[in-house]
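A short worksheet on the structure shown next.
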Amino acid sequence: MILPIITILNPILRQRAKELSLEEIKTPAIQKLIVDMKETVIPAGGVGLAAPQVGVSIRLVIIAIQDKKIALINPEIINFSWRKEIAEEGCLSVPGKWGAVKRSKTVSVKAQNENGEVIKFKARDLFARVIQHEIDHLNGVLFIDRSKRVIEEEAQKI
Ligand code: NI
């Protein structure tokens with residue numbers, strides 16, 4: 001089921017999302033939400049989707065790059081590379097706006113998968129950027145908070 005995505009004025013986007021226990025991860029409701037979020041992200045035109053963006057304030061994100069869709073639950077960045085990169089970002093919850101954001105080029109991530117198993121991995125480049133963007137959503141942070149210059153679609157057309 002494709003889920004509606006909430007946008008910037010909705011206060012859920014500004015909340016700190018709640019951790020999920022192992023029992024909660026295994027519930028049909030959460031498993032269904034993971035399936036629905038995976039179905040939603042690509043048609044919505046995204047490379048990632050955080051649960052608060054579909055109105056559910058829990059620590060769950062979907063990353064959809066390189067033909068793979070992975071669910072990360074209770075994700076944490078345990079190491080940020082010193083090396084940073086600046087690139088343009090947008091967000092499904094902030095329609096019509098883009099902005100350059102400086103982020104770590106590589107990050108080490110600890111999370112749980114959809115079975116609740118603990119996983120650790122290193123991500124770089126776009127993968128690292130999307131993870132940092134999505135984890136920001138779990139902390140009520142949007143890319144516009146991190147970008148020094150946000151460009152609106154209308155302004156670009158001139
Ligand atoms: Ni976003």
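When a ligand or atom number is given, it counts from 1 through the structure's own listing order. Since the structure is predicted, the reported quantities are computational estimates derived from the model, not experimental observations.
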Q. Does one hydrophobic cluster hold both Met1 and Leu92, with members joined at side-chain heavy-atom distances below 4.5 Å?
A. yes
Q. Roughly how far, to the nearest 0.5 Å, is CZ of Arg14 from CD1 of Ile8?
A. 6.0 Å
Q | Under 3.5 Å side-chain donor-acceptor pair for Ser108 and Lys122 | A | no
(Q) Evaluate Arg146 against Arg103 for side chain to side chain contact (heavy atoms under 4.5 Å, CB included), listing each step before the verdict. (A) CA-CA 9 Å; Arg146 295 196 183 274; Arg103 304 232 188 231; 3.6 Å; yes
Q: Using 2.8 Å as the cut-off, note every protein N, O or S atom close to the Ni ion (ligand 1).
A: Cys91 SG, His133 NE2, His137 NE2
Donor-acceptor contacts under 3.5 Å from residues 68-78 side chains, at least two apart:
from	atom 1	to	atom 2	distance (Å)
Lys69	NZ	Lys38	O	3.4
Asn74	OD1	Leu20	N	2.9
Asn74	ND2	Leu20	O	2.8
Asn74	ND2	Gln112	OE1	2.9

Q.
If you count heavy atoms of other groups shown closer than 6.0 angstrom to CZ of Arg124, is the number above 12?
A. no
